[in-house]
Q: 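Structure incoming, see below.
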Amino acid sequence: MRDDVETILFHEQTIFSRLDDLAAEITEDYRGKELTVVAVLNGSLMFMADLLRRIPLPLKLDCVRVASYHGGTESRGTVTFHQLAMPEINGRHVLILDDILDSGRTLHAIRARLCAECKPLSLRICVLLQKRAAQLAAVPADYVGFQIGDEFVVGYGLDYAEHYRNLPFIGVLRSAIVGR
Ligand code: IMP
Ligand code: MG
């Protein structure tokens, strides 16, 4: 698995020290507010677990599960929801957590669906990674862990065809692997 990775972009310790800063910022912003975190599965699992343990505030946690890639390396633009009930976020401050913001289609669809069905007091977006292309995305992120280029990355929750999520670091996949 390690051999399939061309370059390591962020080691575990680098991720953790960035999470310390992000968590401190979020803690200040949401102190005294009714916060519900909505994590986008599966990609944000590691990020969610490590970030939330650094936020010493009372909060509720819910998850949504979507698919936008269907096995490839580019979002097809159709976002499929895979859960029966949407989170209860009426009257709550909502922070959506996702692994990566690329075209923004996934987060746009999630935000539209949440707001169509509920009335949150506020809704912000926090992503671990933001691709360069995402600067043009319709959905801006309010909190960003790291900016990256346009390369396809895996590890620390991010997958290629459901593999590599359990790598403890974030790295660029060898181009020979993609599309194999
Ligand atoms: P978007 O809808 O194009 O913004 O894509 C967002 C989703 O695509 C993320 O939640 C990821 O699941 C996936 N994704 C985008 N870029 C990458 C990548 O470089 N590696 C792994 N997954 C990615
Ligand atoms: Mg994914």
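For ligands, and for the atoms within them, numbers begin at 1 and follow the listed sequence.
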Q: If you round to the nearest 0.5 Å, how far is CG of Asp4 from CD1 of Ile177?
A: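 So the CD1 of Ile177 and the CG of Asp4 are separated by 3.5 Å.
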Q: Just distances here: any N/O of Gly104 and N/O of ligand 1 closer than 3.5 Å?
A: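 Yes, Gly104 has an N/O under 3.5 Å of an N/O on ligand 1.
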Q: Hey, is ligand 1 close enough to Leu107 that some N/O pair sits below 3.5 Å?
A: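 No; every N/O pair is 3.5 Å or more apart.
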Q: Hey, does Lys131 sit under 4.0 Å from ligand 1 if you only count heavy atoms?
A: yes
Q: With a 4.0 Å cut-off on N to O distance, would you call Asp3 and Arg174 a salt bridge?
A: no
Q: Where the closest heavy atom to atom 20 (N) of ligand 1 is concerned, which of Leu173, Leu158, Val153 has it?
A: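 That would be Val153.
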Q: Does ligand 1 have a heavy atom under 4.0 Å from the side chain of Val154, from its backbone, from both, or from neither?
A: neither
Q: Looking at Asp102, which atoms of ligand 1 are within less than 4.0 Å of one of its heavy atoms?
A: 1 (P), 3 (O), 4 (O), 5 (O), 15 (C), 16 (N)
Q: Relative to Tyr160, does Arg165 satisfy both conditions: NZ or CZ under 6.0 angstrom from the six-membered ring centre, and within 45 degrees of the ring's axis?
A: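 Here Arg165 fails the 6.0 Å and 45° test against Tyr160.
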Q: Which ligand 1 atoms, with their elements, are less than 4.0 angstrom from a heavy-atom of Thr106?
A: 1 (P), 2 (O), 5 (O), 6 (C), 7 (C)
Q: For atom NZ of Lys33, decide whether the heavy atoms of other residues, nucleotides or ligands shown that lie under 6.0 angstrom number more than 12.
A: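 Yes, the 6.0 Å shell around NZ holds more than 12 heavy atoms from other groups.
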Q: Give the minimum heavy-atom separation between His93 and Ser122, together with the two atoms involved.
A: ND1-OG, 2.7 Å
Q: Locate the shortest heavy-atom distance separating Leu128 from Phe47; write the atom from each residue and the value.
A: N-CE2, 3.5 Å
Q: Given Asp99, Val139, Val40, Ile110, which has its nearest heavy atom closest to atom 10 (O) of ligand 1?
A: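 Closest candidate by heavy-atom distance is Asp99.
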Q: Mind checking whether Phe146 and Phe10 have ring centres under 6.0 Å apart?
A: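 Ring-ring flag for Phe146/Phe10: true, centres closer than 6.0 Å.
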Q: Kindly compute the distance separating CG (Leu173) from CD (Glu6), expressed to the nearest 0.5 Å.
A: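 Leu173 atom CG to Glu6 atom CD measures 8.5 Å (nearest 0.5 Å).
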Q: In terms of atom number and element, which parts of ligand 1 are under 4.0 angstrom from non-hydrogen atoms of Asp159?
A: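 Reading through ligand 1 atom by atom, the close ones are 21 (C), 22 (N).
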Q: For Ser103, counting its heavy atoms only, list the atoms of ligand 1 lying under 4.0 Å from any of them.
A: 1 (P), 2 (O), 3 (O), 4 (O)
Q: Which atoms of ligand 1 are found less than 4.0 Å from any heavy atom of Asp98?
A: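 So the atoms of ligand 1 that pass are 10 (O).
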